[in-house]
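As a basis for the values below, the full set of heavy atoms in this structure was taken, side chains included, without hydrogen atoms, waters or symmetry mates. Quick caveat: nothing in here was measured; it's all calculated off a predicted structure.
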Amino acid sequence: ISNCWLAITLFAPGMYISSVAYLPSSFAMYSITLAYAAWLDGSNQAAVLWIAAGSIIGWPFVAVLGVPIFWDIVVKNGEFKKFAEYFFISLIYTASPLVLVDLMLYRKVTITPLNIIIYNVFNIHGSTLYGTEPFSFYFYNGFLNFNVAFCIALAALPCYLIFRNFNSDLKWNVCYLLMPMYLWFAIMFSAPHKEERFLYPVYPIISFAAAVVLYIIWKASSACFGYFYKHMKEASIINVSGFFIVYIALSLLRISALETYYIAPMHLYKDVYNIPEPGATICVGKEWHRFPSSFFIPHGATIRFVRSEFKGQLPQRYYPGVNGTYGINPNQNDRNREEPSVYVSIKECDYLIDVDLGVESNLEPRYNTKSGWTSVKSFPFLNAAKSKTLARAFNIPGYSRKNVKYGTYHLLKRTRLIKHQEEERERLLKLKKEQEEERAKVKLHDVDEL
């Protein structure tokens with residue numbers, strides 16, 4: 001099972017994405033994985049500590065993934081006092097630094113995990129303000145990120161319970177390891193607001209569930225097909241190997257699709273970081289949601305938003321001045337209402353990051369075709385609306401190339417800046433030429449004197 005888990009995790013497109021994401025749900029994924037590793041190793045205290053770290057420092061909702069560990073320690077083994085001790089020690093280790101840092105930056109006592117729960121669960125509007133998706137959303141998402149492994153992972157618990165009736169090789173603690181996935185699915189599938197990152201915490205458990213099913217297939221193949229093979233092991237090897245051939249092939253095709261079709265913003269922001277003008281104003285319109293982080297903006301430059309068709313609330317800058325982290329911006333709201341004060345006029349932009357997919361509107365023109373702008377860097381970017389579903393989901397050799405269409409991701413620069421730079425370059429060249437001529441005259445004069 002452990003070897004299968006490692007192979008599935010290593011090639012999973014979902015792990016390829018989630019393991020490097022700078023998100024609370026990714027940190028929660030690391031913590032939950034370490035918690036169950038510690039629990040399997042017999043270190044209950046470390047398990048409780050990692051659950052606390054994932055819940056308090058990372059994302060509070062992942063506390064539910066600690067229920068099987070709680071059940072094992074308290075209900076099954078009756079060690080309530082030990083669990084209470086582990087819990088309060090973990091709470092001190094994780095919550096105390098969090099509250100102290102928040103107190104220093106916000107200048108008031110703030111319990112961030114509690115605020116997240118209150119806003120998303122007990123708020124009358126909640127997360128539905130940020131969009132809703134159908135029940136099938138996570139099925140499509142799970143298949144893209146784990147393909148056939150996700151399909152068999154869903155059947156892990158029924159397969160395990162049936163297998164236990166015929167074979168006692170799998171211990172009951174396997175059930176404890178499978179339960180978090182189903183608990184998490186029950187919560188996330190039922191929530192109207194769905195996002196890919198919400199499943200990150202259970203990605204390693206999905207791999208484990210698939211590995212359990214493969215183990216059961218391996219055992220069942222040995223038993224059922226052993227009559228037809230000279231060596232019983234041959235049947236199981238053929239079945240498991242067949243699964244991994246399909247799984248790895250689909251995973252590589254999906255990873256290739258992500259790298260080929262959607263990598264343009266990351267390439268472009270490398271060039272954004274090297275913008276030479278000090279104090280440049282870099283603007284983003286409809287591509288606000290692909291802005292990765294201010295870490296990609298050069299020192300001294302500012303990122304600003306221009307109007308687009310999006311009508312929700314956009315991120316705001318820190319309050320100006322020395323109290324930037326604790327000053328409360330009066331123009332923020334908790335209803336995801338559009339806030340006009342975040343926008344600047346397009347005339348104020350020195351650079352603009354935009355994608356051209358061949359369509360435009362009054363608020364989202366094709367800036368790269370307008371006068372006053374020049375594309376200084378561009379990369380191809382998938383036009384999903386004009387591409388076939390299968391071709392854009394997996395980069396299938398031969399097929400995808402014929403059935404995907406591209407737009408262009410641009411870093412646009414004000415023409416006046418280019419003109420100014422050209423004039424400055426000409427001025428410097430002229431100055432250099434004059435200096436060289438002056439030096440030549442001085443040298444000639446020295447020769448005449450000699």
Side-chain angles (χ1 to χ4, degrees), residues 10-23 25-26 29 130-131 133 137-147 150 194-200 203 248-273 282-297 303 308-310 314-315 351-360 364 366-368 375-412:
L10 185 63
F11 287 98
M15 296 302 297
Y16 168 83
I17 300 166
S18 62
S19 60
V20 296
Y22 194 44
L23 292 169
S25 49
S26 286
M29 179 184 73
Y130 302 92
E133 297 291 343
F137 176 83
Y138 284 132
F139 288 110
Y140 289 119
N141 193 259
F143 184 78
L144 287 174
N145 287 323
F146 286 90
N147 57 77
F150 183 75
K194 298 177 177 66
E195 293 185 36
E196 178 181 349
R197 63 190 173 97
F198 292 171
L199 292 191
Y200 286 4
Y203 273 5
I248 292 173
L250 289 175
S251 295
L252 293 177
L253 292 176
R254 176 59 182 168
I255 292 170
S256 175
L258 293 173
E259 281 287 336
T260 305
Y261 304 149
Y262 302 103
I263 199 67
M266 298 310 298
H267 284 321
L268 187 126
Y269 274 99
K270 292 178 184 177
D271 292 287
V272 170
Y273 188 78
I282 304 164
C283 293
V284 180
K286 62 177 179 286
E287 285 302 293
W288 65 270
H289 59 290
R290 291 194 180 94
F291 170 62
S293 162
S294 292
F295 293 130
F296 288 81
I297 301 302
I303 188 81
S308 67
E309 298 294 345
F310 177 72
L314 290 168
Y351 287 86
L352 177 67
I353 296 162
D354 194 42
V355 63
D356 180 14
L357 298 176
V359 293
E360 61 182 333
E364 296 179 357
R366 297 172 63 192
Y367 287 105
N368 58 295
S375 179
V376 293
K377 205 72 179 181
S378 64
F379 297 93
F381 188 78
L382 182 79
N383 189 333
K386 295 182 179 180
S387 302
K388 290 189 177 179
T389 303
L390 182 61
R392 60 187 171 91
F394 301 95
N395 189 10
I396 304 168
Y399 175 77
S400 291
R401 184 177 295 179
K402 297 175 183 177
N403 292 283
V404 296
K405 303 296 181 184
Y406 289 95
T408 310
Y409 216 86
H410 290 281
L411 173 59
L412 302 171

Closest heavy-atom contact between [X] and [Y]?
X: Val355; Y: Lys286; value: O-NZ, 3.1 Å
X: Met29; Y: Ser19; value: CE-CA, 3.9 Å
X: Tyr200; Y: Ser25; value: CD2-OG, 3.5 Å
X: His267; Y: Asp271; value: O-OD2, 3.4 Å
X: Ser375; Y: His410; value: OG-ND1, 2.8 Å
X: Ala393; Y: Ala257; value: O-CB, 3.8 Å

Taking side chain to side chain contact (heavy atoms under 4.5 Å, CB included) as the definition, give me every residue that meets it alongside Asn141, ordered by chain and number, with sequence neighbours left out. Asn145, Glu196, Tyr203
Got more than 12 heavy atoms from elsewhere within 6.0 Å of OH, Tyr273? no
NZ of Lys377: more than 12 outside heavy atoms within 6.0 angstrom? no
Is [X] reaching over with its side chain to a backbone N or O of [Y], donor-acceptor style, under 3.5 angstrom?
X: Lys405; Y: Ala385; answer: no
X: Glu287; Y: Ile353; answer: no
X: Ser256; Y: Asn395; answer: no
X: Ser26; Y: Ser18; answer: yes

Rounded to the nearest 0.5 Å, how far apart are [atom1] of [X] and [atom2] of [Y]?
X: Leu357; Y: Glu364; atom1: CG; atom2: CD; result: 10.0 Å
X: Ile297; Y: Ile282; atom1: CD1; atom2: CD1; result: 4.0 Å
X: Tyr269; Y: Ser293; atom1: OH; atom2: OG; result: 10.0 Å
X: Phe394; Y: Thr389; atom1: CZ; atom2: OG1; result: 11.5 Å
X: Arg197; Y: Leu199; atom1: CZ; atom2: CG; result: 11.5 Å
X: Ser378; Y: Asp354; atom1: OG; atom2: CG; result: 12.5 Å

Would you sort out whether Tyr406 and Tyr261 count as a side chain to side chain contact (heavy atoms under 4.5 Å, CB included), showing the intermediate values? CA-CA 8 Å; Tyr406 289 95; Tyr261 304 149; 3.3 Å; yes
Flag for Tyr130-Glu195: side-chain donor and acceptor within less than 3.5 Å: no
With no hydrogens and no angle check, do the side chains of Glu133 and Tyr140 hold a donor and an acceptor under 3.5 Å apart? no
Parallel, tilted or perpendicular: which one describes the rings of Tyr409 and Phe381, with boundaries at 30° and 60°? tilted
Could you label the plane-to-plane angle of the Trp288 and Phe310 rings as parallel, tilted or perpendicular, counting under 30° as parallel and over 60° as perpendicular? tilted
Are Pro397 and Leu253 close enough that some pair of their side-chain heavy atoms sits under 4.5 Å apart? yes
Would you call Pro13 and Leu144 a side-chain contact if the rule is heavy atoms closer than 4.5 Å? no
Using side chain to side chain contact (heavy atoms under 4.5 Å, CB included), reason through Phe296 and Val272 one step at a time and then give a plain yes or no. CA-CA 7 Å; Phe296 288 81; Val272 170; 5.8 Å; no
